[in-house]
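The block underneath contains the structure these notes are about, expressed in structure tokens.
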Amino acid sequence: MNGVTAVDVLAFGAELAVYAAAGWWAWRRPGRRAVRLVAAAAAVAGLALLWGWFAAPTADHPLHGAARVAFEVCWFGGGAAAAVRAATGRSRMPGGPGRPGR
């Protein structure tokens, strides 16, 4: 066995879900397609940098204890918030596609 557990696989899946939610949220922002594409790529890249610096198994500056818990609460909470905002259409300006007009 190579040491990968079901918990490791689930944790990796949850990490990927945060990236997907952030990219989806950024893509649904108002603006031109090229700008939204750059925003989505930047959101995912920025999150990947944060994860790599502080939370990855081979992190440069690994967090421990309460700092790690706080980071993960913000990480996964932010991913959940991004998914909800993207799914409910609250990322669009009032009256735009995906949100009822006034």
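The analysis underlying the following values was restricted to heavy atoms, covering all of them including side chains, and did not include hydrogens, waters or symmetry mates.
- With sequence neighbours left out, R32 forms a side chain to side chain contact (heavy atoms under 4.5 Å, CB included) with V35.
- Cluster note: V38 groups with no other residue, as no ILVMFWY side-chain heavy atom lies under 4.5 Å from it.
- Note on L63: it clusters hydrophobically with L50, by side-chain heavy-atom contacts below 4.5 Å among ILVMFWY residues.
- Qualifying side chain to side chain contact (heavy atoms under 4.5 Å, CB included) partners for T5, counting only residues two or more places apart in sequence or in other chains: V7, D8.
- Contact record, R36 with R29: CD-O, 2.8 Å, taken as the closest heavy-atom pair.
- Hydrophobic clustering keeps V4 apart from F12 (ILVMFWY residues linked when any side-chain heavy atoms are closer than 4.5 Å, directly or through intermediates).
- Residues in residues 14-24 take part in these side-chain hydrogen bond (donor to acceptor under 3.5 Å, both in side chains) pairs, two or more places apart or across chains: E15-Y19, E15-W51.
- Here the closest heavy-atom approach between residue A21 and residue G79 is recorded as CB-O, 3.3 Å.
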Please output the side-chain donor-acceptor pairs of residues 64-72 that fall under 3.5 Å, not counting sequence neighbours, one pair per line with the distance.
| residue | atom | partner | partner atom | Å |
| --- | --- | --- | --- | --- |
| R68 | NE | E72 | OE2 | 2.5 |
| R68 | NH1 | A55 | O | 3.1 |
| R68 | NH2 | A55 | O | 3.1 |
| R68 | NH2 | E72 | OE2 | 2.8 |

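- Every residue two or more places apart in sequence or in another chain was checked for a side chain to side chain donor-acceptor pair (under 3.5 Å) with W53, and none qualifies.
- Listed by chain and number, the residues in a side chain to side chain contact (heavy atoms under 4.5 Å, CB included) with V18 are L47, W75, F76 (sequence neighbours excluded).
- Think of L10 as one node in a network of Ile, Leu, Val, Met, Phe, Trp and Tyr side chains linked at under 4.5 Å; it has no links at all.
- With sequence neighbours excluded, no residue satisfies ring-ring contact (aromatic ring centres under 6.0 Å, His included) with F54.
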